Each structure stands twice: as C-alpha cells, then as structure tokens.
Amino acid sequence: MAPTTAGPPAFDADTFRHVVGHLPSGVTVVTTRTPESAFGMTASSVTSLSLDPPMMVACLNRSSPTSCAVSQAGAFAVNVLGEGHEYLAQQFAVRSDDKFTGVAVVEGTLGVPVLADALAHIECEVVEEVTGGTHTVFLGRVVEAKAEEGSPLTYFRGGFGRFEFARDDEVYQRARQQLLERMYAADAVLQLDDLAYRLRVEKPAAFYALTRLTADGLIRRDPDRGYVIVPFDTRTSDETFDARCAIELGVIDMVVGRVPQDELADLRARFETMAALLVGDRFVDFDRYLDANYAFHEGVVSLAHNGALTAAFGRLSIKTVMTRSFGVTPVTSQKFIDVQRRITEGIEQGDPDAASAAVYHYTRLAKQRVRQILAQTGGRL
C-alpha cells in the first residue's frame, strides 16, 4: 500500500526522542511493502538524523531486494529488536523466498509491515534518496513511532558487527566545527573524498557527517554540483531574528494578561532549563542550550494556541542561524539570559509593554552578536 498523497501529520519530536533512544545499541530490521510483496532485511546502518523535523537515515545495499522495494514504495519501517530476538535478526539477514514465515506482523500507518514483537518501530516516508558507494541512503520523515519496555538486542563480533554511531557522531561534530569556523568558502562544493581526507576517516563516516550537516542546513545538496556550503551573512540572520520578533510581539499583544497559570508555569520551567545552560558568559553545552532556547521561544509562541503562528515559527530555521553564528564559540553574554528573563516576567505579570520591550531588546542583542562573531571569524557582513 503506497502512502496517501495528502501525507500524515507532522510527528511529535519528544516522542521521537524517546523512541530513538532504543536505537543506538540495537539490531534493526527494515521492512516495506510493494503491491507485489512484503520485504525486509537486517540493517546496521540505521540511525536518527534530526529531531526537528523528526527524520531517520537507512543505508541499504543497492543490490538487495529490500532497497529496491523501499525506493518503489516510498516508505519503510525500522523495527528495533529486543533481547531474545536473535532468530529474527538471523532470519532477515539471509536471502529467502519468504523472510516473514512464522513472524507476527501488523500493518503500519503507511501500509508497511511492522514486526509485532519488535521492541520499537519507526515508520518513515522517503523524502530523498542518495547513492553512496554500494548503498542507497534513504532519508525518511518519521510519521509514526512506538516503543515498549525492554532492552535492545546488541550486536556481536562474529555476527552482525558493532555499531559505530558514537564514532560517526564525533566525526560529524568535527566536520560541523570546521564549517562553523569557516574553513570552507561559502558556496564551495564539499567533496566526500576531500572531507574524509581532512578528517582522516573512512568515507562512510564522512558521508554520515555530510548527511547530518545537510539536515542542519549548513550544506545543501545541489543536483548538479553535489554538496554545497550554504552562505551565511547578517542579512540572513537579521531577517530570521526580525521574523521571530514579529511573531512573538503578535502573540504578546494577543494573550498577555490572559495566560492560564499552568501555561505560565510551563514557560517559566522552559526558561529555567535554558538559563542553567548559559553561565558566566559561556555556554555550558551549546547544543543543549540551542534546544532549550528553541523550546523557550516556541513556548512563547504556543501561548497563542494558533497553529498557523506555531508553523510559521517552525519554518524560520532559527536553529540553523544560531548554529552558524553563536555555535562558533562557547563565549557569549549573560545579557541574553537576563533579557529573556524579562520576557518571562513580563508575560507572568501580565505586562505586555514590558514583555514587548524585552523581545525588541533580545532581537537587537542577537543581531549585534552575529555581527561580532562574523567580524571575528572572517564571515560575510
């Protein structure tokens, strides 16, 4: 069964975070269905790609029937096996006329077969296919995910090998830092071989980094040129921060003075989580601060209970802009927390003028900081 043209609704990032926590040390079986038959294979090169939006990456050998079937169906499921499921891993790892013999299967949201006994499953729509050596890399948008209690089945040396996602993530982090420090020129083509050589790693790890960097918005995949460094300048950041400012000012005008106590408490909790990650003019952990900062401002926008405003906020690529600027250095300013505290207090006290003034101040600070960082790193002003 092929996915409907309308497409399922966006999937919740928090649920996705919970489910993919089962993945890094587990064995997976990728399944799909075409009009002719069901397909499945044990796969090791499967990992989460991003939380916003929730996405997965599955690397399948091009010669496998399952890879061809996923390409045809445009959808697949990642089934995370639990302890005691070695027989399933073995059954789907070898060629067979019917790998599903004796296997309990249910139909997923996208019409793909889901292993009923799996510890967790994640259903995805294919949004892009990329060829990498002998494999096809499927980038999938998550539309459904569920997990049960239990421990994942781990790989063993003599069989399926070992996960190397921790190593690959470290390679991605190094590649990202090189881009943030502008070691590559804007709009330059980033070749896989060159990146692997610079990082002194094998090509699969470098390719994983390229895929993650594409999801971050730091590079884009041009059909003709390949992977291209996305230019970044103050115009890009100014437009993004001004758009966020306009959305938040509208929300403040709409709701301040009428926000329920439980929503005020939630906003305060989001602020405190963020504040703990910026101490003494330094980020404690920039990636965690980035997530917390996004959650705080998303919380401000969500006070309006307006789906169109929340969707508009989500399309601003705030995280990409902040990564390209603030993520270059751990040094920042405590003023950012101070002014966001004033936003929180203005909303809590029902004072729209104070909250709006703080939003304007925060926007000016952000734009000024980007200019400082670009001047220090030789970026485009």
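Everything numeric in this text was worked out from a predicted model, so none of it was measured.
The stretch residues 296-316 participates, sequence neighbours left out, in these side-chain hydrogen bond (donor to acceptor under 3.5 Å, both in side chains) pairs: Glu248-His297, Glu263-His305, His297-Gln340. Pairs passing the side-chain hydrogen bond (donor to acceptor under 3.5 Å, both in side chains) check and including a residue from residues 316-328, sequence neighbours excluded, read Asp291-Lys319.
At a threshold of 4.5 Å between non-hydrogen side-chain atoms, the residues Tyr360 and Leu249 count as touching. Two residues are said to be in side-chain contact when any heavy atoms from C-beta on lie closer than 4.5 Å; Leu213 and Tyr172 meet this criterion. At a threshold of 4.5 Å between non-hydrogen side-chain atoms, the residues Thr136 and Leu60 do not count as touching. Residues His85 and Val27 are not in side-chain contact: their nearest non-hydrogen atoms beyond the backbone lie 4.5 Å or more apart. Side-chain contact check for Phe138 versus Ser71: some heavy-atom pair is nearer than 4.5 Å.
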Could you list the donor-acceptor pairs under 3.5 angstrom formed between side-chain atoms of residues 187-196 and any protein atom two or more places apart in sequence or on another chain?
from   : atom 1 : to     : atom 2 : distance (Å)
Asp187 : OD1    : Arg225 : NH1    : 3.4
Asp193 : OD1    : Lys203 : NZ     : 3.0

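In the displayed structure, Glu36 atom CD is contacted under 6.0 Å by more than 12 heavy atoms of other residues, nucleotides or ligands. Other residues, nucleotides and ligands place more than 12 heavy atoms under 6.0 Å from the NZ atom of Lys367.
Glu125 CD to Glu144 CD: the interatomic distance, rounded to the nearest 0.5 Å, is 12.5 Å. Put simply, CG on Leu115 and CG on Leu81 are 7.0 Å apart, with the number rounded to the nearest 0.5 Å. Taken to the nearest 0.5 Å, the OG atom of Ser237 stands 4.5 Å off from the CZ atom of Phe232. Put simply, CD on Glu348 and CD1 on Ile343 are 12.0 Å apart, with the number rounded to the nearest 0.5 Å.
Within the 6.0 Å centre-distance limit, the rings of Phe336 and Phe326 are counted as a close aromatic pair. Under the 6.0 Å cut-off for aromatic ring centres, Tyr294 and Phe313 qualify, their centroids lying closer than that.
Proximity of a side-chain donor or acceptor of Asp287 to a complementary backbone N or O of Leu290 within less than 3.5 Å is not detected. With hydrogens and angles ignored, the 3.5 Å screen pairs no side-chain donor or acceptor of Ser67 with any backbone N or O of Ser64.
Across Ala77 and Val114, no two heavy atoms sit closer than the pair CB-CG2, 4.3 Å. Taking each heavy atom of Cys245 and Thr363 in turn, the nearest pair found is CB-OG1, 3.3 Å.
Salt bridge present: Asp238 and Arg371 bring a charged side-chain N and a carboxylate O closer than 4.0 Å. Ion pairing between a basic and an acidic side chain is recognised when a charged N comes within 4.0 Å of a carboxylate O; Asp266 and Arg270 show such pairing.
In this model, no donor atom of one side chain and acceptor atom of the other lie less than 3.5 Å apart for Asp353 and Ser356.
Under the 4.5 Å side-chain heavy-atom criterion for grouping Ile, Leu, Val, Met, Phe, Trp and Tyr, Phe39 is not connected to Val80 through any hydrophobic cluster. Cluster annotation: Met183 and Ile219 are assigned to the same hydrophobic cluster (Ile/Leu/Val/Met/Phe/Trp/Tyr, side-chain heavy-atom contacts under 4.5 Å, transitive).
For the side-chain hydrogen bond (donor to acceptor under 3.5 Å, both in side chains) test with Asn79, the passing option among Thr42, Thr28, Thr31 is Thr31; the others fail.
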